[in-house]
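Every heavy atom of this structure was used, including side-chain atoms; hydrogens, water molecules and symmetry mates were not. Reminder, nothing fancy here: chain letters follow the sequence lines and each chain counts from 1.
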Protein chains: 2
Amino acid sequence: MVWIHIFMKELKRPPEALHAWLIMLKAWQSMSRYLLPSLTEEGLGDSDFRVLEVLLHKGPMPVNAIGPKVDLNPGSVSVAVDRLYKKELVRRVESTRDRRVRTVSLTEKGREIFVPLFRRHTALIKLAFQDVSPEELQQLELVLKKIGKRAKDLAEKSQHA
Amino acid sequence: MVWIHIFMKELKRPPEALHAWLIMLKAWQSMSRYLLPSLTEEGLGDSDFRVLEVLLHKGPMPVNAIGPKVDLNPGSVSVAVDRLYKKELVRRVESTRDRRVRTVSLTEKGREIFVPLFRRHTALIKLAFQDVSPEELQQLELVLKKIGKRAKDLAEKSQHA
DNA sequence: GTCATTTATATCGACGCCGATATATACGAT
DNA sequence: ATCGTATATATCGGCGTCGATATAAATGAC
């Protein structure tokens, strides 16, 4: 039982930030497993879903604008858009001003497939959050925003170093 | 601007659960990006880290016990352990009772590499959580636990259906 | 004891993502 | 106007995960 000893000695009581992070990890994994099936039934992956979501809610945009919004590098966005293109869910329009850019937008088919899917998705999330009161939800958003922002800042800072 | 219209109409104000989930997504992505470099510098991936973590803190265990703890399927655990084995960070001991099972444990080298890495990792997390008060942290854990548990239950329920 | 079933682990083929690079186009300095 | 640099997108090779399956060993019914 040496390892348990070491664990206790090293951490005393689990430092709170780490503990919270582990719980966040668990919650994240559970949510992901829970939400994924409804996408795969539709033949979509997680990234595809997020791309469609951003296109629906923010409107048409060039490939390079999608990447940051869905946390994907340019190459991955390119292939994701291509997958969706092959399924005729999105359209690529070449810009006349700048012949390098191709603006991506939802097709009618894309809209028809995605809007109901998104609605189901939203309902599933609501179900999973059913035990959380409005006040708790607000508090949760506040805290997660702080953490996300700080993590982003710190990540950028260490990039430069 | 049709899409914005549709968005507003469809969602009125963003339904709170969905909104919170999106913020969680962002926070998660930021944290992952922030934490990953310290692992890759050591030549490890996310899964490898979690396997080492569970071995350090829960002690030696057979391959099939690792999977559930790190949210990986048996095949993935097998190759993850193999990666770590090739780096001599873990050892596989064949059980005499049941000759199918191979109990995985950290080697000395594994411990030497991982313990400081884990300490750095913990420090990074603490930094990212610096803006969160102890009360907020407690509240965060509470709420995330509720969400995780409910999501897990719901996922299992829809499995059977 | 023998055979069917179950369990532990490893392997296989497919797929998605990443980092790096290639290609095409635009922009800016001179 | 030309040339070097920067930007948008696509492509390539490598890697990690998945689901399905293979292999080996244990268990249980008879």
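Going from atom CG of B/L44 over to atom P of D/dG16 covers 11 Å, rounded to whole Å. When the P atom of C/dA14 is taken as reference, atom CZ of A/R83 falls 17 Å away, rounded to whole Å. If you take CD of B/E94 and C1' of D/dA26, they are 16 Å apart, rounded to a whole angstrom. One atom, NZ of B/K86, and another, P of D/dC15, lie 11 Å apart when rounded to the nearest Å. A/D82 has its CG atom 11 Å from the P atom of C/dG16, to the nearest Å. Taking atom CZ on A/R33 and atom C1' on D/dG19, their separation rounds to 12 Å, with Å as the unit. As a whole-Å value, the separation of B/L36 CG from D/dG16 P is 12 Å. Distance A/M61 CE to D/dA8 C1': 15 Å, rounded to the nearest Å.
Dashed line: the shortest gap from a side-chain N or O of A/R97 to OP1 or OP2 of D/dA8 is not under 4.0 Å. Side-chain nitrogen and oxygen atoms of B/R92 include at least one within less than 4.0 Å of the OP1 or OP2 phosphate oxygen of C/dA10.
Listed candidates were D/dC18, C/dG16, C/dA10. Nearest to the side chain of B/L72 is D/dC18. Distance from the side chain of A/D98 is smallest for C/dA26 among the nucleotides C/dA26, D/dA25, C/dC17. Out of C/dG16, D/dT9, C/dA8, the shortest distance to the side chain of A/S47 is found at C/dG16. For B/R102, counting side-chain heavy atoms from C-beta on, the closest listed nucleotide (C/dT9, D/dT9, D/dT11) is C/dT9. Checking D/dT9, D/dG19, C/dA10 against every side-chain atom of B/N73, the shortest atom distance belongs to D/dG19.
Only one option out of B/K149, B/R150, B/K157 pairs with B/D153 in a salt bridge (charged side-chain N to carboxylate O under 4.0 Å, His left out); it is B/K149.
Distance alone, capped at 3.5 Å, places no donor-acceptor pair between the A/Y85 side chain and the A/V104 backbone. In this structure, A/T103 contributes its side chain and A/M61 its backbone to no donor-acceptor pair below 3.5 Å.
Nearest-nucleotide mapping onto DNA chain D: of B/R99 and B/S76, the residue sitting toward the 5' end is B/S76. Residues B/V63 and A/V77 each lie close to DNA chain C; by heavy-atom proximity, the contact nearer the 5' end of the strand is made by B/V63.
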- Message: Run A/V115 and A/L56 through side-chain contact (heavy atoms from CB on, under 4.5 Å) and show every step you take.
- Response: CA-CA 8 Å; A/V115 168; A/L56 176 63; 4.1 Å; yes
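Scanning atom types as modelled, one donor and one acceptor separated by under 3.5 angstrom connect the side chain of B/R100 and the base of C/dT7.
The residue B/G75 sits close to a base: some heavy atom pair falls under 4.0 Å.
No side-chain heavy atom of A/F114 sits less than 4.5 Å from a side-chain heavy atom of A/L55.
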